[in-house]
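Along the sequence shown, residues are numbered consecutively beginning with 1. For ligands, and for the atoms within them, numbers begin at 1 and follow the listed sequence.
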Amino acid sequence: MLKKGLEGILSQSELDELFSAFDQVGDIIILRIPDSLLTKKKIIGETLLERVKSANSVFYQSSPVDGDFRTRDLELIAGTDRTETEYREFGCRFRVDVQKTFFSPRLSTERKRIADLVRDRDIIINMFGGIGMFSIIAAKEKECIVYNIDINPHAIRLCEQNIKLNKLLGKIKPIEGDAKKIIDEQLEGKGDRILMLLPERSDDFLDSAIKAAKKNAVIHYYCHIHGDKKNDVPVLAKEHFLSVMSIKSDVLGSKIVRPVGPRYYQAVVDAKITK
Ligand code: SAM
């Protein structure tokens, strides 16, 4: 139905490209538009707004995710100029600001995988916790404690709101600041499970993750990996992890989380620290 609205305005290959770069978060649509179609961005935005009844705003993503806060530039192309909305996932509610904070609906399968691994009484150190997506889904049904650290003050304010929006069995402690400094000052040797969701900089923070870990803790190490063959990526991720890991660990598994570019993937390595 959506594609029908743009038939005649866009070619079939342009339509295919557009719809693979299209996300809906609550009532906000975000899409990337190839340079060749930028002159048509208003009509694309207006058509999407008209056809997707649950949408109130359409934004064109005009920059990649970038900077310390891992945010992106958005330009309104149709509807209301508001970047905050409500998003629901696995029975949890989230206030999300798609401009001031990092947010990706494409990590939902990974969030569920981590939540399923968490056990009652686990202490989780979510080093780059953002608005609390992984932390809240994990604490929804497990009596765990999660330290949700983030350097972006907007993300921590939203995390505080999101904790209040949800009925949780576990406890979440939002902490604003640099993960390295917070671990040095407050969390050394405390974690049963360490989450490292900043794949671009995991290697810079691996020693802090090790410092935060108890004996037998599990580190979830995320990285970006080039692979000509998709099937090779989990092995390449494991090899990379072992090449940067400074102490003995058992790799429990590695897998692709999502594609992030042509022959380029976000991968995760789960490893048990045996220090
Ligand atoms: N885990 C969240 C999620 O999946 O929605 C956010 C992941 S996002 C890729 C990485 C987060 O790390 C951003 O929210 C950013 O603000 C935060 N960040 C970047 N550098 C940091 C640092 N040195 N210490 C703590 N947080 C940091």
key: Protein contact to atom 22 (C) of ligand 1 [nearest heavy atom, distance to 0.1 Å]   = Asp178 OD1, 3.6 Å

message = Tell me whether Ile175 shares a hydrophobic cluster with Leu195, the cluster being built from Ile, Leu, Val, Met, Phe, Trp, Tyr side chains joined at under 4.5 Å.
response = no

remark   = For Leu198, the ligand 1 atoms with a heavy-atom partner under 4.0 Å come out as 10 (C), 19 (C), 20 (N)

query = How far apart are the closest heavy atoms of Asp68 and Ile151, and which atoms are they?
reply = O-CG2, 4.5 Å

message = Contact between ligand 1 and Gly129 is defined here as a heavy atom of the residue under 4.0 Å from a ligand atom; is it met?
response = yes

query = Is it true that His224 and Tyr265 have ring centroids separated by less than 6.0 Å?
reply = no

ask   = What is the nearest protein non-hydrogen atom to atom 9 (C) of ligand 1, stated with its residue, atom name and distance?
value = Leu197 O, 3.3 Å

ask   = So is Arg201 in contact with ligand 1, going by heavy-atom distances below 4.0 Å?
value = no

ask   = Do you know which of Ser254, Ser249, Ser202 makes side-chain contact (heavy atoms from CB on, under 4.5 Å) with Phe241?
value = Ser249

task = Could you check atom 5 (O) of ligand 1 against the protein and tell me its nearest heavy-atom contact, residue, atom and distance included?
result = Phe102 CD2, 3.6 Å

inquiry  = Do Ile273 and Ile247 make a side-chain contact, defined as non-hydrogen atoms from C-beta onward lying under 4.5 Å apart?
reply    = yes

ask   = What protein heavy atom sits nearest atom 21 (C) of ligand 1, and how far away is it?
value = Ile151 CG2, 3.7 Å

request  = Give the minimum heavy-atom separation between Gln266 and Val260, together with the two atoms involved.
outcome  = N-CG2, 3.9 Å

task = State the atoms of ligand 1, each with its element, that fall below the 4.0 Å cut-off from a heavy-atom position in Met127.
result = 25 (C), 26 (N)

message = Parallel, tilted or perpendicular: which one describes the rings of Tyr87 and Phe94, with boundaries at 30° and 60°?
response = tilted

ask   = At a non-hydrogen distance cut-off of under 4.0 Å, which region of Ala179 contacts ligand 1 (side chain, backbone, both, or neither)?
value = both

query = Mind checking whether Tyr221 and Leu206 have side chains closer than 4.5 Å, heavy atoms only?
reply = yes

request  = Determine, using heavy atoms of Gly177 and all atoms of ligand 1, whether some pair is separated by less than 4.0 Å.
outcome  = yes

request  = Look at atom 19 (C) of ligand 1 and say which protein heavy atom is nearest, naming residue and atom and giving the distance to 0.1 Å.
outcome  = Asp68 O, 2.9 Å

request  = Take every heavy atom of Phe134, measure it against each atom of ligand 1, and state whether any distance is under 4.0 Å.
outcome  = yes

message = For atom 16 (O) of ligand 1, what's the nearest protein heavy-atom neighbour? Residue, atom name and distance, please.
response = Asp150 OD1, 2.7 Å

ask   = Hey, what do you get for CD (Glu176) to CG (Asn152), rounding to the nearest 0.5 Å?
value = 8.0 Å

Pair Lys214 + Asp192, salt bridge at N-O below 4.0 Å = yes

message = For atom 6 (C) of ligand 1, tell me which residue out of Phe69, Phe128, Phe205 has the closest non-hydrogen atom.
response = Phe128

query = Which of the atoms of ligand 1 are close to Asn152, meaning less than 4.0 Å from one of its heavy atoms?
reply = 16 (O)

